[in-house]
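Worksheet for the structure shown next.
Residue numbers start from 1 in every chain, and the chains themselves are labelled A, B, ... in the order their sequence lines are given, proteins ahead of strands.
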Amino acid sequence: DAKTTQPPSMDCAEGRAANLPCNHSTISGNEYVYWYRQIHSQGPQYIIHGLKNNETNEMASLIITEDRKSSTLILPHATLRDTAVYYCIVRGVTMYSGGGADGLTFGKGTHLIIQP
Amino acid sequence: DTGVSQDPRHKITKRGQNVTFRCDPISEHNRLYWYRQTLGQGPEFLTYFQNEAQLEKSRLLSDRFSAERPKGSFSTLEIQRTEQGDSAMYLCASSLESGRVRRYNEQFFGPGTRLTVL
């Protein structure tokens, strides 16, 4: 799985859009970009994933650059409850072979702090 | 609550003791994962099961760590002869995988078990 680079921390004002960047310059053609977040004292929570097209769901939008070397997670109207560590993960589609590591590879993520 | 549950939520033990943690996945999920998370770090993958088969265990941190999922439902993670360096949050996750191609892999995480080794 390709390595990702994220800023260690970011601030955002409540009600504004939070834009979290992620660099994944070594991503290969069959690797997806996933985002998870972890609120303090909880397990990680899936947010969104994408391959090459922009994606949107009820939680967030994911913008992937045309060369797929970077992406941005957008929380359109951040609230205090969005304060969390956000992890960008790159992961390939694999054929089930009954073996091999299948866990997610988390980095240190970005600690997003929403300010009131 | 139909999410992933873990028990206990907190465990304090003395160095050298054995500890066992339990994870109950979402009922229809066939894959179950264990992770360890130390302070300031992201979760670190340890092992996973497809039904009752343990498909990856080379990432377990040492031979003191073992995991089981005997009936393909709940799982246990055991640490023998605990050391202070084992103090961490132990997370369990589950997912539903079907077919030969993993199209995406949303894993649902439990709240974790926080282990403190004195």
Side-chain angles (χ1 to χ4, degrees), chain A residues 1 3-9 22 29-53 55 57-60 62 64 84-112, chain B residues 3-6 9-10 23-26 29-61 67 89-114:
Chain A
D1 297 335
K3 180 179 171 58
T4 62
T5 303
Q6 300 177 251
S9 65
C22 179
N30 69 345
E31 289 184 316
Y32 284 73
V33 180
Y34 299 86
W35 284 83
Y36 280 73
R37 75 178 183 183
Q38 187 172 24
I39 295 170
H40 183 61
S41 297
Q42 298 183 18
Q45 175 192 24
Y46 166 83
I47 301 173
I48 199 167
H49 76 283
L51 183 62
K52 56 183 178 180
N53 297 318
E55 302 287 345
N57 63 19
E58 65 278 3
M59 289 183 69
L62 174 60
I64 302 174
V85 178
Y86 288 76
Y87 298 100
C88 170
I89 299 168
V90 170
R91 185 168 174 72
V93 171
T94 61
M95 302 297 288
Y96 172 62
S97 62
D102 198 42
L104 296 169
T105 301
F106 291 84
K108 292 187 177 181
T110 296
H111 186 195
L112 175 66
Chain B
V4 177
S5 62
Q6 294 188 243
R9 294 291 308 278
H10 303 274
C23 171
D24 287 89
I26 293 172
H29 284 183
N30 53 0
R31 286 204 175 177
L32 186 149
Y33 310 79
W34 285 99
Y35 293 81
R36 183 182 79 157
Q37 186 173 24
T38 54
L39 197 62
Q41 305 295 317
E44 176 187 12
F45 168 67
L46 298 179
T47 187
Y48 84 105
F49 295 84
Q50 171 92 5
N51 300 312
E52 66 276 6
Q54 190 173 11
L55 299 185
E56 171 61 46
K57 51 185 177 181
S58 68
R59 306 288 181 95
L60 286 168
L61 301 163
M89 175 76 81
Y90 291 85
L91 293 159
C92 174
S94 69
S95 70
L96 178 63
E97 301 290 344
S98 60
R100 296 191 66 221
V101 177
R102 184 184 71 210
R103 300 194 181 281
Y104 76 96
N105 189 14
E106 179 179 354
Q107 295 186 15
F108 293 81
F109 283 80
T113 295
R114 180 165 296 284

Where B:Leu91 and A:Gly43 come nearest, the two heavy atoms and their spacing:
CD2-CA, 3.9 Å
Find out whether B:Pro43 and A:Tyr87 are in side-chain contact, i.e. whether some heavy atom of one side chain is under 4.5 Å from a heavy atom of the other.
yes
Compare all side-chain heavy atoms of A:Leu104 with those of B:Tyr35 and state whether any distance is below 4.5 angstrom.
yes
Which portion of B:Gln37 sits near chain A, non-hydrogen atoms under 4.5 angstrom
side chain
Between CD of B:Glu106 and CD1 of A:Ile47, what distance do you get to the nearest 0.5 Å?
11.0 Å
